[in-house]
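Chain naming here is simple, since letters A, B, ... match the order of the sequence lines and numbering starts at 1 in each.
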Amino acid sequence: MAEDEISKLIEETGAFDCVECGKCTSVCPAAVYDTEFAPRLIVVKAQEGIKDDPMTKKNIWVCLTCEMCNSMCPYKVNYTGFIQGLRSMYFRRGEVPICSQGGLVHTMQRLMAKEDLKQNRLGWVDDDIKISKDKGEVLLFTGCAYQLGTIFDDRAAFLRDVPKSAVKILNAAGVTPVVLEDEVCCGHDLLWVGDEDSFLKLMDKNIERIKATGVKKVVFTCPECFRTFDVDYQDFSEDLPFEMVHISEFVKDAIDDGKLKLRNIDKKVTYHDSCRLGKHMGIYDPPREVLSAVPGLEMIEMERSREKATCCGVNAWANCEENGKKMQIDRLKEAKGTGAESMLTFCPKCEIHFRCATHNKVPVPIEDVDIEVEDFTNLIAKALEDGE
Amino acid sequence: MSSEGEKKPGSTGGEGWEPNIVAFCCNWCSYAGADLAGVSRFQYPPNIKVIRVMCSGRVEPQFVLRALELGADGVLITGCHIGDCHYLSGNEKAEVRMKMTADLLEMLGIGRDRMRLEWISASEGEKFAETMREFTERIRELGPNPLTNGGEDSG
Ligand code: SF4
Ligand code: SF4
Ligand code: FES
């Protein structure tokens, strides 16, 4: 690993300004469970030019890239950017993490980067919904929910419904979205395991294909796709010529403009702010405003919510282990403790990880954690006025 | 990990293209079935590279995708007949997983026909040879793995 590479990273992410205060370590959810993990030390060792530090080598994969620390740091160090840069350096040396499912999801994403395969990704489209395959004003970026629902059929099969739910919502608001047959994975996971080359290939394909449709707006359901486009694509390429919005913002605006009405759902729910939508993108209010527009729905906040929300315990499939499981169980306990019947969230990964936590034996009484984990987009689709 | 620069098993492109097939065979049944096919001198094509696993339930979806990523044109998984698995239900799990894997291959545009799951016991040497012949022909019809750029970048 070249020394100037590290220096450049330290420079770019502001890690140079770190005063070793340790605030990052004090708020880090990973450090609560892994006492050997201290974000501060990773920065300090890099600053001191310590190369090939065994703890760093391990700890860059312990970090959940949740950005809890970024917001706390008095010197505005872009901590997650720093971790991401380190991961890319390690990846280039062939030092890769042990990923869950043997790396299945990453392989799937690399295959999409490698060749232009003629995908069959629109198996969920049927006559109930209206889409366009090439031209329009608004594009729905569907992401990997459909594929993930297939892979995790035993845990989160409901993910297969997410793209269709999103189209139903858009249709109900009078929009016929463009949905691409040759959309590829946004590349989020590959970027966060350090495989920048494959990430860039995916990015170029998506940007080129979306530009060709001439759309003015792209709507996302997945917080990771949303962040990847809005932050990373614009960082690695240039400003994108379309507006990017999260579906919660879209729905909120449509309700405000009187284009969308939601019908009664009698249910008590709680909401989990995923790190990408919350801390990374700052979207806290729109989902809550949408929930308050559903008559009959009672939303109960968890104690650790908004910027204090904890993590689902896994990032980019790279750190599914004991501590992640503990984190999930604790979060589910907290959610169940609110008395809600279900915990809503937008992130398909959070949903899979939380479902996984209770899929097999759990270390606590099952009635403490057996809260339903529900996809937010699916719930809104259920609340559409005409019942469809 | 990027597959660039890694040595890929495989076929040469164009004219002389031959299907390159990876078969994951369960130790307790079809691997022995392959032996029996051998000693009985049943002929089957040389395109198959057999990898022994302790049970068809050991085969992860990732094994199939990774083999294809590295240039295999087809992937075969063979195990004990239902009810005969040495570990009771490994093959039942394999059945569920491989169905999901096939669905995934279809979505990705690689095609579900590039993989197959078969039950072949230790006494079915003839069935082993027949399956290998049939699957090789099927892959020959399908042509090279689209990921290898028409067979060009493997080998
Ligand atoms: S990004 Fe999250 S897990 Fe990583 S060091 Fe910061 S607070 Fe800890
Ligand atoms: S909070 Fe910021 S300044 Fe303090 S130790 Fe962490 S990175 Fe350094
Ligand atoms: S032991 Fe042969 S399939 Fe399980």
Euclidean distance, B/Ile110 CD1 relative to A/Gln119 CD, rounded to 0.5 Å | 9.5 Å
If you count the non-hydrogen atoms of other residues, nucleotides and ligands that lie under 6.0 Å from NZ in B/Lys93, is the total more than 12?
-> no
B/Ile82 CD1: over 12 foreign heavy atoms closer than 6.0 Å | yes
So with a 6.0 Å cut-off around NZ of A/Lys8, is the heavy-atom count from everything else above 12?
-> no
Among B/Gln62, B/Arg97, B/Met100, which has the most heavy-atom pairs under 4.5 Å with chain A?
-> B/Gln62
Got a sec: does the CD of B/Gln43 have more than 12 other heavy atoms crowding it under 6.0 Å?
-> no
So which of A/Ile151, A/Leu122, A/Val105, A/Asp153 has the largest heavy-atom pair count under 4.5 angstrom toward chain B?
-> A/Ile151
Shortest non-hydrogen contact between B/Glu69 and A/Lys114, atoms and distance = O-NZ, 3.9 Å
Taking the side chain as every heavy atom from C-beta outward, state whether B/Leu65 and A/Met108 have any pair of such atoms under 4.5 Å apart.
-> yes
Which region of B/Glu106, side chain (C-beta onward) or backbone (N, CA, C, O), has a non-hydrogen atom less than 4.5 Å from a non-hydrogen atom of chain A, or is it both or neither?
-> both
Who among B/Val96, B/Leu104, B/Asp103, B/Thr101 has the most heavy-atom pairs with chain A under 4.5 Å?
-> B/Leu104
Should we say atom NZ of A/Lys57 is surrounded by more than 12 heavy atoms from elsewhere, each under 6.0 Å from it?
-> no
Heavy-atom nearest pair, B/Leu147 first then A/Leu117, reads CD2-CD1, 3.9 Å
Which answer fits A/Gln101, side chain, backbone, both or neither, if we ask what part of it has an atom under 4.5 Å from a heavy atom of chain B?
-> backbone
